[in-house]
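A short worksheet on the structure shown next.
When reading the values below, keep in mind they use all heavy atoms of this one structure, side chains included, and skip hydrogens, waters and symmetry mates.
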Amino acid sequence: MSQTLPSGSLSGKTALVTGSSRGIGADTVRYFAEAGANVVINFRNKAPRAEKLAAQLRELGVEALVVGADLTDPESVKAMFDELERTFGGLDILVLNASGGMESGMAEDYALLLNRDAQVNVLETALPLLTAEARVVFVTSHQAHFIRTTPTMPEYEPVALSKRAGEDALRQKIPALEERGIGFTVVSGDMIEGTITATLLERANPGAISARREDAGKLYNVSEFAAEVARAAVDPVPADNTRLVGDTGSFGGE
């Protein structure tokens with residue numbers, strides 16, 4: 001992975017990325033650590049992997065706190081932020097990266113619970129800890145962001161609708177966040193090569209990823225997209241609070 005943020009540019013800052021033991025979340029938290037931020041690695045059920053990442057990041061000279069939390073459980077979320085407050089005192093960057101809904105064996109309303117209700121609760125629980133000029137980033141996909149105008153694969157539709165519902169609910173918080181000087185940016189990406197979602201979609205709909213790659217001309221990989229997420233936490237907030245990553249030519253307007 002190449003350096004994406006200037007070295008030392010986040011010294012003294014603290015960043016939390018939900019779902020950061022692997023994939024996009026892990027690479028995003030690594031970029032923050034490389035820029036000098038102390039980081040909080042959140043995971044749901046893969047503690048050894050999260051601890052291994054934390055050990056690697058501590059070698060960069062930053063502090064890394066590992067906190068397991070089920071984001072759909074408000075008590076679990078509160079405990080996570082209590083531990084963050086004890087360790088670091090406050091929070092400068094919150095990246096809402098964790099999402100899901102394609103897992104097997106979950107309740108029918110799980111996607112909405114995780115992708116909308118939990119996202120709002122995590123933000124509201126974090127609010128007292130967010131510092132002046134803090135930044136919040138919500139990670140989504142073009143398939144969810146544009147779901148109102150552009151159909152997606154049937155296998156992904158419930159997830160896309162729930163993620164768009166989460167985005168809408170979070171956007172309603174923008175005026176209150178801005179009053180406190182907190183910036184909010186939605187980062188929407190095309191299908192990302194190598195993610196769990198892409199793998200599950202490919203399994204349900206063989207050829208889906210290659211077809212999308214051909215249509216778009218290029219698909220970002222995990223580290224490339226994570227770099228965009230990390231930059232969204234430090235770049236000026238776009239006028240429409242939206243950072244689009246990858247081709248949007250085949251998607252209608254919102």
Side-chain angles (χ1 to χ4, degrees), residues 4-21 24-44 50-51 53-71 73-98 118-139 166 169-187 226 229-237 241 243:
T4 186
L5 305 176
S7 182
S9 59
L10 293 178
S11 292
K13 304 284 190 185
T14 300
L16 184 156
V17 181
T18 62
S20 49
S21 68
I24 292 163
D27 280 4
T28 302
V29 92
R30 187 186 299 275
Y31 285 129
F32 290 147
E34 288 176 346
N38 295 320
V39 294
V40 182
I41 299 167
N42 159 252
F43 70 95
R44 190 179 66 183
E51 292 289 359
L53 175 62
Q56 293 170 356
L57 300 188
R58 290 181 191 119
E59 290 178 5
L60 299 170
V62 302
E63 291 187 58
L65 174 67
V66 176
V67 190
D70 176 355
L71 300 186
D73 176 1
E75 286 303 311
S76 183
V77 170
K78 184 178 184 309
M80 175 173 69
F81 283 108
D82 286 348
E83 193 166 344
L84 185 157
E85 184 176 23
R86 283 192 298 272
T87 305
F88 296 122
L91 183 62
D92 302 284
I93 296 171
L94 171 63
V95 177
L96 299 167
N97 165 70
Q119 306 300 319
V120 172
N121 179 60
V122 168
L123 176 58
E124 289 179 343
T125 309
L127 264 180
L129 298 181
L130 289 172
T131 57
E133 301 181 355
R135 299 291 293 273
V136 178
V137 176
F138 174 67
V139 181
L170 290 166
R171 283 183 182 275
Q172 290 177 6
K173 306 285 183 187
I174 290 174
L177 293 173
E178 287 179 342
E179 276 181 25
R180 299 182 51 166
I182 299 168
F184 176 85
T185 301
V186 170
V187 179
V229 174
R231 280 194 282 265
V234 297
D235 285 353
V237 176
N241 300 87
R243 185 182 185 113

* To do: Tell me, please, which residues at least two apart from Asp92 pass side-chain hydrogen bond (donor to acceptor under 3.5 Å, both in side chains).
  => Thr131
* Asked: Looking at residues at least two apart in the chain, or sitting in another chain, which of them share a side chain to side chain contact (heavy atoms under 4.5 Å, CB included) with Val186?
  -> Phe138, Thr140, Glu167, Arg171, Phe184
* Heavy atoms only: give me the nearest Arg135-Pro236 pair and the separation to one decimal. => NH2-C, 4.1 Å
* Asked: Where is the tightest heavy-atom contact between Ala226 and Ile24, given as atom of each residue plus distance?
  -> CB-O, 3.6 Å
* Any sub-3.5 Å donor-acceptor pair from Asn97's side-chain atoms to Val139's backbone N or O? -> no
* Compare all side-chain heavy atoms of Leu91 with those of Thr14 and state whether any distance is below 4.5 angstrom. => yes
* Identify, with sequence neighbours excluded, every residue that meets side chain to side chain contact (heavy atoms under 4.5 Å, CB included) alongside Ala176. => none
* Asked: Which heavy atom of Val136 sits nearest a heavy atom of Leu96, and at what distance?
  -> CG1-CD1, 4.1 Å
* For Ala98, does its backbone N or O pair with a side-chain atom of Arg44 as donor and acceptor, under 3.5 Å? -> no
* Asked: Shortest non-hydrogen contact from Thr125 to Pro128?
  -> O-CD, 3.3 Å
* Out of curiosity, Leu177 CG to Glu179 CD, how far, rounded to the nearest 0.5 Å? -> 9.5 Å
* Structure fact -> For Ser21 and Ala26 the tightest heavy-atom approach is C-CB, 3.9 Å
* **Pairwise salt bridge (charged side-chain N to carboxylate O under 4.0 Å, His left out) hits with a residue in residues 5-17, at least two apart** => none
* Please walk me through it: do Val234 and Leu10 pass side-chain contact (heavy atoms from CB on, under 4.5 Å)? -> CA-CA 9 Å; Val234 297; Leu10 293 178; 3.9 Å; yes
* Would you call Leu53 and Arg30 a side-chain contact if the rule is heavy atoms closer than 4.5 Å? -> yes
Please list, one pair per line, the donor and acceptor atoms closer than 3.5 Å that link side chains of residues 75-83 to other protein atoms, with sequence neighbours excluded.
unit_1	atom_1	unit_2	atom_2	d
Ser76	OG	Asp70	N	2.9
Lys78	NZ	Asp82	OD2	3.0

* **Reported CG-to-CG distance for the pair Leu94 and Asn42, which is rounded to 0.5 angstrom** => 10.0 Å
* Asked: Is any side-chain heavy atom of Glu178 closer than 4.5 Å to a side-chain heavy atom of Val237?
  -> no
* State whether the side chain of Thr185 and the backbone N or O of Val137 hold a donor-acceptor pair below 3.5 Å, judged by distance alone. => no
* Asked: Are Leu84 and Val67 side-chain neighbours, meaning at least one heavy-atom pair lies under 4.5 Å?
  -> no
* Asked: Rounded to the nearest 0.5 Å, what separation is found between the CG atom of Leu170 and the CG atom of Asn241?
  -> 11.5 Å
* Structure fact -> Between Val39 and the options Val66, Leu16, Leu60, Leu57, the side chain to side chain contact (heavy atoms under 4.5 Å, CB included) test singles out Leu57
* Contact check, side chains of Leu65 and Asn38, non-hydrogen atoms, under 4.5 Å -> no
* To do: Report the residues that fulfil salt bridge (charged side-chain N to carboxylate O under 4.0 Å, His left out) with Glu85, sequence neighbours left out, ordered by chain and then residue number.
  => none
* side chain to side chain contact (heavy atoms under 4.5 Å, CB included) involving Ser11 - partner list, sequence neighbours excluded -> none
* Structure fact -> Minimal heavy-atom distance between Leu5 and Arg231, with the atoms involved, is CD2-CG, 3.9 Å
* Residue list, side-chain hydrogen bond (donor to acceptor under 3.5 Å, both in side chains) with Glu124, at least two apart or on another chain -> Lys173
* Asked: side-chain hydrogen bond (donor to acceptor under 3.5 Å, both in side chains) with Glu63: which residues, sequence neighbours excluded?
  -> none
* **Side chain proximity check, Thr18 to Leu71, heavy atoms < 4.5 angstrom** => yes
* To do: Name all residues meeting the side-chain hydrogen bond (donor to acceptor under 3.5 Å, both in side chains) criterion together with Asp73; count only those two or more places apart in sequence or in a different chain, and write none if there are none.
  => none
* All side chain to side chain contact (heavy atoms under 4.5 Å, CB included) counterparts of Ala15, not counting sequence neighbours -> Phe32, Ile93
* Asked: In Å, rounded to the nearest 0.5 Å, how long is the span from CD of Glu133 to CD1 of Ile182?
  -> 10.5 Å
